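Each remark here refers to the structure printed beneath this line.
In what follows, every chain begins at residue 1, and chains take the letters A, B, ... in the order their sequences are listed. Source: prediction; values computed, not measured.
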Protein chains: 2
Amino acid sequence: MDARSPSSSRQSPWLPFESRRRARDEKREAVLRTAVQLFLEQGYHRTTLNDVADRLNITKPALYNYFGGKDEILFECWAIGNERVDDCINEIAAGGGTGLAKLRKLIVSYAEVMTTDYGKSLVRFDVRDLTEHNRRVVNTAKRKIDRAFRDYIAEGIADGTIKPCDPKLSAFAIAGSLNWIGHWFQPGGPMTAEAIAEEFAIRLTAGIATTSTRKKADKPPGKIKTSREDRDEHHARTAPRAAGQSKRTRDRLR
Amino acid sequence: MDARSPSSSRQSPWLPFESRRRARDEKREAVLRTAVQLFLEQGYHRTTLNDVADRLNITKPALYNYFGGKDEILFECWAIGNERVDDCINEIAAGGGTGLAKLRKLIVSYAEVMTTDYGKSLVRFDVRDLTEHNRRVVNTAKRKIDRAFRDYIAEGIADGTIKPCDPKLSAFAIAGSLNWIGHWFQPGGPMTAEAIAEEFAIRLTAGIATTSTRKKADKPPGKIKTSREDRDEHHARTAPRAAGQSKRTRDRLR
DNA sequence: ACTATTTATTACCTATGGGTAATATATGTG
DNA sequence: CACATATATTACCCATAGGTAATAAATAGT
């Protein structure tokens, strides 16, 4: 759709040196999309802002129209991934179900997020590259996720769907398996993200569930999420910024 | 033992600027011990060679008497951790037992290594910081570890101690949980490394073992390792170098 | 004690890359 | 069309940190 310019290279809204329109947010997102790819490919420290700019057909200083610095770009990438996980947690919390059912939903959602670029950000990026402030934001968010796992396990133990166990340790074990997905998963492999997510939901709870195994009381007719329409990329978010905005240049604009 | 010098600061063989003797290898190891600590504390890229040297009461160029460069230090740290895991794998391979028993032994050993500094190196350091050559060495070693997990699972399925499942995916799930230990474990917590290792060995196999749960046919009287005498630090290794030796200065010496 | 070798130190060099200033080019508005 | 605004570009700056050269201080051997 939208066959406009003579140049054919997709992916960058800045066509080699011609028509440049499109909204600001769309460009912001293009920067993040490119940045997260490069950060994952080469690692944050080995990726220069010139690398990012080059791949977008612009120059380094242009990036500063959208971000205050390299670390802020890193933070925003992380923020998108976190937002996705956070949405899942909130949806699960809103819906009902047993502790085990909620835990499985969380595993499925979290596993799927882990197979996306922004999801990988959550486990492949180093918090210590962020500013003091953003680091705190990240740590708070991580605690929330950890809390969700532990709470659902505790709920499951309380309602009898999960065998008595140490919620903390079990949460670590489960989260570890899921986080690891962010390190090995590559689209195009033998299994789809959804298949892996489903499989993990069963496997990771097989040891602690009271109801022996395989599909049971989870998935009540009105399914909660699972489908996920906006596959990867794009995410709207025009207003909900305001979180990052670290140090440096930020006053001279606006 | 060995109350010699007036200065009391332990940890560094280079006492503030006085008696300097001791063998070369002991100093080499002191460098690695300090480096791995700093790399874990601050991250590889945020740690400068001056940081390492300072903590040892020496200056940066002195490090080059023992290592060819920063990345070589990183590699050696990794190598020590890998050596420990490799020893475990070889011992397990030498001993007998069912597939499940071997898998559990591997989980226990691997988990324990993951709680040490050098063990953490295996999962916290980025392979891309190494030279092409060393990167290949690391990748080969990682494949061997992955192989061990998969093979024992496959053996277990064959001998009936493990339920039919996809060895690859199960290995990823288990390894993920274990690798995650390297990210959250801190000595001094409520659980000891050994307790965590034992717990994980049970938990991570509970879902796939055929023999319902809890201790069973594992641990045949003649126990294999588990005790581990040389707790942390030190590791002898005087000869078995020769692996690293990347690019740069290496000719001018010797 | 004299010499050779090892192992430090001081003083540099230099590439890299994040960030900035000054300026140009679109874009859109009255 | 002129003017304001947003958004690029070119040309810099400069701190950092890995690495090296020249040299001094230990240590060992004879």
Side-chain angles (χ1 to χ4, degrees), chain A residues 5 12-28 30-31 35 38-39 42-75 129-131 245-254, chain B residues 5 12-28 30-31 35 38-39 42-75 129-131 245-254:
Chain A
S5 68
S12 168
W14 291 275
L15 306 179
F17 195 75
E18 43 171 335
S19 60
R20 296 202 195 102
R21 54 223 86 155
R22 278 173 170 71
R24 180 183 175 79
D25 283 344
E26 216 167 326
K27 290 184 184 167
R28 251 187 87 98
V31 172
L38 284 167
F39 290 165
Q42 319 181 338
Y44 178 69
H45 288 98
R46 272 171 302 279
T47 303
T48 71
L49 290 182
N50 275 322
D51 290 339
V52 178
D54 282 353
R55 195 174 280 196
L56 288 164
N57 299 317
I58 55 176
T59 56
K60 178 173 61 172
L63 296 173
Y64 285 84
N65 280 317
Y66 305 98
F67 300 95
K70 194 186 182 190
D71 65 276
E72 191 181 314
I73 297 180
L74 185 72
F75 176 74
D129 287 316
L130 303 174
T131 59
Q245 187 185 37
S246 65
K247 50 183 175 180
R248 293 168 300 253
T249 4
R250 241 310 170 232
D251 15 16
R252 80 174 163 85
L253 319 167
R254 227 138 260 74
Chain B
S5 68
S12 167
W14 291 274
L15 306 181
F17 192 75
E18 43 169 334
S19 60
R20 296 202 194 102
R21 55 221 88 154
R22 277 173 170 71
R24 182 184 173 80
D25 283 345
E26 215 167 326
K27 291 183 185 167
R28 250 187 90 97
V31 172
L38 283 167
F39 291 165
Q42 318 179 341
Y44 178 69
H45 287 91
R46 273 170 302 280
T47 303
T48 70
L49 290 183
N50 275 322
D51 290 338
V52 178
D54 282 352
R55 196 174 280 195
L56 289 166
N57 299 316
I58 55 175
T59 56
K60 177 175 61 173
L63 295 173
Y64 285 85
N65 280 317
Y66 305 98
F67 300 95
K70 193 185 182 188
D71 66 277
E72 191 181 314
I73 296 180
L74 184 73
F75 175 74
D129 287 315
L130 302 174
T131 59
Q245 188 187 38
S246 64
K247 51 183 173 181
R248 294 169 298 255
T249 5
R250 244 309 171 228
D251 14 16
R252 80 174 161 85
L253 317 169
R254 226 137 259 79

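Atom CG in D71(B) sits about 17 Å away from atom P in dA17(D), given to the nearest Å. One atom, CZ of F39(B), and another, P of dA17(D), lie 13 Å apart when rounded to the nearest Å. Distance Y66(A) OH to dG19(C) C1': 18 Å, rounded to the nearest Å. Atoms CG (D51(A)) and P (dG17(C)) sit 8 Å apart, rounded to a whole Å. Atom CG of D129(B) is separated from atom P of dA17(D) by 15 Å (rounded to the nearest Å). Residue I58(B) contributes atom CD1, which lies 12 Å from atom P of dT10(C) at whole-angstrom precision. One interatomic measurement links the two molecules: CG of N50(A) to C1' of dT20(C), which rounds to 14 Å at whole-angstrom precision. Rounded to whole Å, the distance from CD on Q42(B) to C1' on dT16(D) is 15 Å.
Of the candidates dT7(D), dT7(C), dT20(D), the closest approach to any side-chain atom of R24(B) belongs to dT7(C). Of the candidates dT9(D), dG18(D), dT9(C), dT9(D) carries the atom nearest the T59(A) side chain, counting heavy atoms from C-beta on. The nucleotide whose nearest atom lies closest to any side-chain atom of K27(A) is, among dT7(C), dA8(D), dG19(C), dA8(D). Each of dG18(D), dT9(C), dA8(D) was ranked by its minimum atom distance to the side chain of T48(B); first place goes to dG18(D).
Using a 4.5 Å heavy-atom cutoff, the side chains of L49(A) and I73(A) are in contact. No side-chain heavy atom of F75(A) sits less than 4.5 Å from a side-chain heavy atom of T131(A).
Distances shown here put every side-chain N or O of N65(A) at or beyond 4.0 Å from the OP1 or OP2 atom of dA6(D). Not one side-chain nitrogen or oxygen of Y44(B) sits closer than 4.0 Å to the OP1 or OP2 atom of dG18(D). For Y64(B) and dT9(C), the shortest distance from a side-chain N or O to OP1 or OP2 is not below 4.0 Å. A close approach under 4.0 Å does not occur between any side-chain nitrogen or oxygen of K60(B) and OP1 or OP2 of dA8(C).
Atom CG of D25(A) is separated from atom OH of Y66(A) by 10.0 Å, given to the nearest 0.5 angstrom.
Remark: the K70(A) side chain and the dG17(C) base include no donor-acceptor N/O pair separated by less than 3.5 Å.
Note: F39(A) and Y44(A) have perpendicular aromatic rings, judged against thresholds of 30 and 60 degrees for the angle between ring planes.
Inspection of the D129(A) and H45(A) side chains reveals an N or O donor paired with an N or O acceptor under 3.5 Å.
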